[in-house]
Amino acid sequence: MPEGHTIHRLAADHRDRFADRPVRATSPQGKFADSAALIDGKVLETAEAHGKHLFLGFEGAQWVHIHLGLFGKYTWGAGQAPPATATVRLRLAAPDAYADLRGPTTCALITDAEKQAIHDRLGPDPLRAGDDRGKAWQRISRSRTTVAALLMDQKIVAGVGNVYRAEVLFRHGIDPYRPGRDLTRSEWDAIWSDLVVLMHEGVRNNRIDTVRPEHTPEAMGRPPRVDDHGGEVYVYRRTGQPCHICGGMIRTAGLAARNLFWCADCQTA
DNA sequence: AGCTCATGGCGAG
DNA sequence: TCGCCCTGAGCTG
């Protein structure tokens, strides 16, 4: 489930369980073994997220940089950790809690300067207080690229993935193929503000819900949604099903190697 | 057992 | 734009 809300939640979970304590670090899978040995037993001082990037700060100004990619996943446990299975890239453990990381695209020990370079190439993040929506607007308003592609570009907005992209465009009635430069400033402001709210709710609930109260299954008298991604959504992975609002058929199309979902009847602006 | 697909992103051409 | 990396679930046979 790795969009930005997942990563910010993971940062908070690391702080809650491990901050200010020494943690054991191992890499049963092996690829991070040398680096794990360097931080093993060190105090975890902080954990933060920028977009889909997670940074675990250990004493001595060393950072573990984690990016889950498409497959990466954390499993958490309480108490003494059981023997790890062979795919665990990184296990962090305290006496009363442990975290297992599997399948990340990136898990690497980096310096302050390397961390800063990652921040520098990421756009503003709706989940980082004080991040400037205007920076994203500067690029969007000058681009001929479709707004759907721009929203997925982490240099422009950090943390939005395929679900939030599809859902926020639906919520604002915006045709995903509209060029960025045809967006108005007030449309962008509304999208950004909506992302701030939706993604904070995503952090809180650890899942993506985007359906307004008046369109929930209970309110609409339709059966509850059952989808393995867990949240209640308007268009994501609902290809061929009727739109919750207009009843039109949800469409899908490939865009930048990902599936795009939208309602062509509602998203005309 | 083997295929396909998934909430990502990178580098080569 | 394509191939590739990482893992696991849910099919198909």
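Side-chain N/O atoms of A:Lys31 include one lying less than 4.0 angstrom from OP1 or OP2 on C:dC6. Between A:Thr87 and C:dG8, a side-chain N or O to OP1/OP2 separation shorter than 4.0 Å is present. For B:dG9, one of the phosphate oxygens OP1 or OP2 lies less than 4.0 angstrom from a side-chain nitrogen or oxygen of A:Lys52. In this model, the phosphate group of B:dT7 is approached by a side-chain N or O of A:Tyr236 to a distance below 4.0 Å at OP1 or OP2. Note on A:Arg258: a side-chain N or O is less than 4.0 Å away from OP1 or OP2 of B:dT7. Considering only side-chain N and O atoms, A:Arg102 lies under 4.0 angstrom from the phosphate OP1 or OP2 of C:dG8. For the pair A:Lys73 and C:dT7, the criterion of a side-chain N or O lying under 4.0 Å from OP1 or OP2 is not met.
As judged by a 4.0 angstrom heavy-atom cut-off over every strand, A:Gln29 is placed among residues touching the sugar-phosphate backbone only. Using a 4.0 Å heavy-atom distance criterion, A:Thr105 is classed as a base contact. Among the protein residues, A:Arg121 comes within range of the sugar-phosphate backbone only, with heavy atoms under 4.0 Å from sugar or phosphate atoms but none that close to a base.
The closest side-chain heavy-atom distance from A:Phe261 to A:Phe170 is not below 4.5 Å.
Using atom C1' as the reference point in both B:dT7 and C:dT1, the two lie 22 Å apart (nearest Å). Annotation: C:dG13 and B:dC5 have their P atoms spaced 14 Å apart (nearest Å). Nucleotides B:dG13 and C:dC5, compared at atom P, are 15 Å apart to the nearest Å. Distance check on atom P: C:dC4 versus B:dT4 gives 14 Å, rounded to whole Å.
Rounded to whole Å, the distance from CD on A:Glu167 to C1' on B:dT7 is 11 Å. Atom CG in A:Asp209 sits about 17 Å away from atom P in B:dT7, given to the nearest Å. Across the protein-nucleic acid pair, A:Arg207 atom CZ and B:dA6 atom P stand 21 Å apart, rounded to whole Å. The distance from atom CD1 of A:Ile7 to atom C1' of B:dT7 is 10 Å, rounded to the nearest whole Å. Rounded to an integer number of Å, the gap from CG of A:Leu90 to C1' of C:dT7 is 16 Å. Here B:dT7 presents its C1' atom at 15 Å from NE2 of A:His8, a figure rounded to the nearest Å. Atom C1' of nucleotide B:dT7 and atom CZ of A:Arg238 are separated by 17 Å, given to the nearest angstrom. In this structure, A:Leu54 atom CG and B:dG9 atom P are separated by 14 Å, rounded to whole Å.
Counted by atom type alone, A:Gln116 and A:Asp112 present zero donor-acceptor pairs between their side chains at under 3.5 Å.
Counting only distance, with no hydrogens or angles, the side chain of A:Asn205 and the backbone of A:Arg207 share no donor-acceptor pair below 3.5 Å. Judged by distance alone, with hydrogens and angles left aside, the side-chain atoms of A:Glu59 form a donor-acceptor pair with the main-chain N or O of A:Val43 at under 3.5 Å.
Annotation: A:Asp120, atom CG; neighbour count of heavy atoms from other residues, nucleotides and ligands within 6.0 Å is above 12.
Listed nucleotides B:dG8, C:dC6, B:dA6 differ in distance to A:Asn259; the shortest reach to its side chain belongs to B:dA6. Of the candidate nucleotides C:dG8, C:dC5, B:dG9, B:dG9 has the atom lying nearest to any side-chain atom of A:His67.
The stacking criteria are not both satisfied for A:Phe71 over the base of C:dC6, which would need a centre-to-centre distance under 5.5 angstrom and an angle between ring planes under 30 degrees.
A single hydrophobic cluster is seen to contain both A:Leu151 and A:Val233, as judged by linkage of ILVMFWY side chains at heavy-atom distances under 4.5 Å, directly or through other members.
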